[in-house]
Amino acid sequence: MFCPLKILATARALPPRVLTNADLEAMVDTSDSWIRDRTGIRERRIAADGVATSDLAAEALLAACTAAGIAPGELDAIIVGTSTPDTLFPSTACWLQHRLGLRGPAAFDVSAGCSGFLYGLEIAAGLLRGNARRIAVVGAEVMSRVVNWQDRSTCVLFGDGAGAAILGPGDGSSGVLGSAWGADGNLARVLYQPAGGSRAPATLATVAALAHTVHMEGNTVFKHAVTAMSEAATQALARAEIRPDQVDLLIPHQANTRIMEAARARTGIPADRLFSIVERYGNMSAATIPVALDEAREQGRIKDGDIVAMTAFGTGFTWAASVLRW
Ligand SMILES: CC(C)(COP(=O)(O)OP(=O)(O)OC[C@H]1O[C@@H](n2cnc3c(N)ncnc32)[C@H](O)[C@@H]1OP(=O)(O)O)[C@@H](O)C(=O)NCCC(=O)NCCS
């Protein structure tokens, strides 16, 4: 069902420090060519010591509000998709308010891994059908804090960053034409952080075992990511009654070039519509789609009336896709 809304503005916040594949060659047994061939990644951004997820989220949110011409206090709700919250509680969205000295807007996190931004968009679309008039959806991560820097199979993949979008009801010409979302919690252990929560609270032993870092079966994730991202996109397109060749721009979750390309091919969206930033930022989990959206807009790749498809997959497993008329 068509849900009228408008993305009034987007913005991004990326830490200035660049970690290249050459830098990683000096840290673990890897090579620039292995990383580029398997993932398409050349470099990623790393947050400075002391910079938390809410700091990047606040920077992106403020810039997005400025671009939308509104004050953060005018927002009805702030939704932050993240897997790397500042603390287990309160939410990163509340820490963001703390950082900005903001009081009033409802604030909460969505824990859906790399699907967090599109989960947030789906929730925001529902809220805009009610009384809400201005909603911020933010994807923000400091993945470098949960990466095991001794594990070459994961540490080369991730990066830090944040992106924000300000949503309003619009004039009825733009909105969500179709969407799909889902999850399969049976596969939770394929990609997870074993310790630091109520199941295995942090102890000297869990810290010594690096159990608070990313544990992942990369091959299994790869296969499920391609299937779920393409199926979700296909379902959202069908609901939108949009053919794959009508899509002007496809912004998939930016985990890895091969995953994005395989998901695009299965969906049948032409190759020239795929928008990729993974080469420069790696996998920023929930932040990849809003950062890519912001760069695509800046480059003039999205104009009013365009059909924009987004699809994501993440820990959980979770998946989500959304087809918008801009
Ligand atoms: C991680 C990933 C790039 C690995 O690629 P792959 O083709 O599946 O590679 P494999 O895991 O089969 O490993 C192949 C070999 O490369 C080695 N290898 C792993 N990481 C390496 C690295 N950074 N540098 C060099 N060699 C590496 C492995 O040890 C293995 O060696 P072996 O054959 O001697 O055992 C890939 O599985 C992937 O992208 N998975 C999805 C990850 C992801 O996106 N997660 C987040 C989803 S939201």
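Just so you know, ligand 1 is whichever comes first in the structure, and atom 1 is the first atom listed for that ligand. FYI, side chains are in, hydrogens and waters are out, and symmetry mates aren't considered; it's all heavy atoms of this structure.
In Asn283, the part holding a heavy atom less than 4.0 Å from any atom of ligand 1 is the side chain.
Looking at Arg264 and Glu261, a side-chain N of the basic residue comes within less than 4.0 Å of a carboxylate O on the acidic one, giving a salt bridge. A salt bridge between Glu59 and Arg99 is absent, with no side-chain N of the basic residue lying under 4.0 Å from a carboxylate O of the acidic one. Under a 4.0 Å N-O distance rule, the pair Asp304/Lys6 qualifies as a salt bridge. A salt bridge links Arg12 to Glu295: at least one charged side-chain nitrogen sits closer than 4.0 Å to a carboxylate oxygen. Glu74 and Arg134 are not joined by a salt bridge, as no carboxylate oxygen comes within less than 4.0 angstrom of a charged side-chain nitrogen. Between Asp306 and Lys303 there is a salt bridge, since at least one side-chain N of the basic residue sits less than 4.0 Å from a carboxylate O of the acidic one. In this structure, Asp29 pairs ionically with Arg152, as a charged nitrogen and a carboxylate oxygen lie closer than 4.0 Å.
Under the 4.0 angstrom criterion, atom 30 (C) of ligand 1 counts as lacking any protein heavy-atom contact. For atom 33 (O) of ligand 1, the nearest protein heavy atom is 4.0 Å or more away. Distances from atom 12 (O) of ligand 1 to the protein include at least one heavy-atom value under 4.0 Å. Closer than 4.0 Å to atom 2 (C) of ligand 1 lies none of the heavy atoms of the protein.
Nearest non-hydrogen protein atom to atom 5 (O) of ligand 1 is Arg258 NH2, 3.7 Å. Nearest non-hydrogen protein atom to atom 45 (N) of ligand 1 is Met216 SD, 3.2 Å. Considering only non-hydrogen protein atoms, atom 23 (N) of ligand 1 sits nearest to Arg152 O, 2.8 Å. For atom 48 (S) of ligand 1, the closest heavy atom belonging to the protein is Cys114 SG, 3.2 Å. Of the protein's non-hydrogen atoms, the one nearest atom 44 (O) of ligand 1 is Ala255 CB, 3.4 Å. Closest to atom 24 (N) of ligand 1 among all protein heavy atoms lies Thr30 OG1, 2.6 Å. The nearest heavy-atom contact from the protein to atom 36 (C) of ligand 1 is Phe222 CD1, 4.0 Å. The closest protein non-hydrogen atom to atom 6 (P) of ligand 1 is Arg38 NH1, 3.4 Å.
Under a 4.0 Å criterion applied to the non-hydrogen atoms of Val221, ligand 1 contributes the atoms 41 (C), 43 (C), 45 (N), 47 (C). Close approach of ligand 1 to His253 (heavy-atom distance below 4.0 Å) involves ligand atoms 48 (S). For ligand 1 and Val156, the ligand atoms under 4.0 Å from any heavy atom of the residue are 23 (N).
For ligand 1, one of its N or O atoms has an N or O atom of Asn219 under 3.5 Å away. Ligand 1 has an N or O atom lying under 3.5 Å from an N or O atom of Asn256, backbone or side chain.
Every residue two or more places apart in sequence or in another chain that forms a ring-ring contact (aromatic ring centres under 6.0 Å, His included) with His224 is listed here: Phe317. For Thr66, the side-chain contact (heavy atoms from CB on, under 4.5 Å) test picks out no residue, with sequence neighbours left out.
For the side-chain contact (heavy atoms from CB on, under 4.5 Å) with Cys114, the qualifying choice from Thr315, Asn283, Thr318, Ile289 is Asn283, the only one to do so.
Inspection of the Asp86 and Ser54 side chains reveals an N or O donor paired with an N or O acceptor under 3.5 Å.
For the residues Gly218, Gly40, Gly113, Ala286, the heavy atom positioned nearest atom 37 (O) of ligand 1 is part of Gly218. In this structure, of Trp319, Trp34, Phe158, Phe313, the residue bringing a heavy atom nearest to atom 15 (C) of ligand 1 is Trp34.
Heavy-atom contacts from other residues, nucleotides or ligands closer than 6.0 Å to CZ of Arg45 number more than 12.
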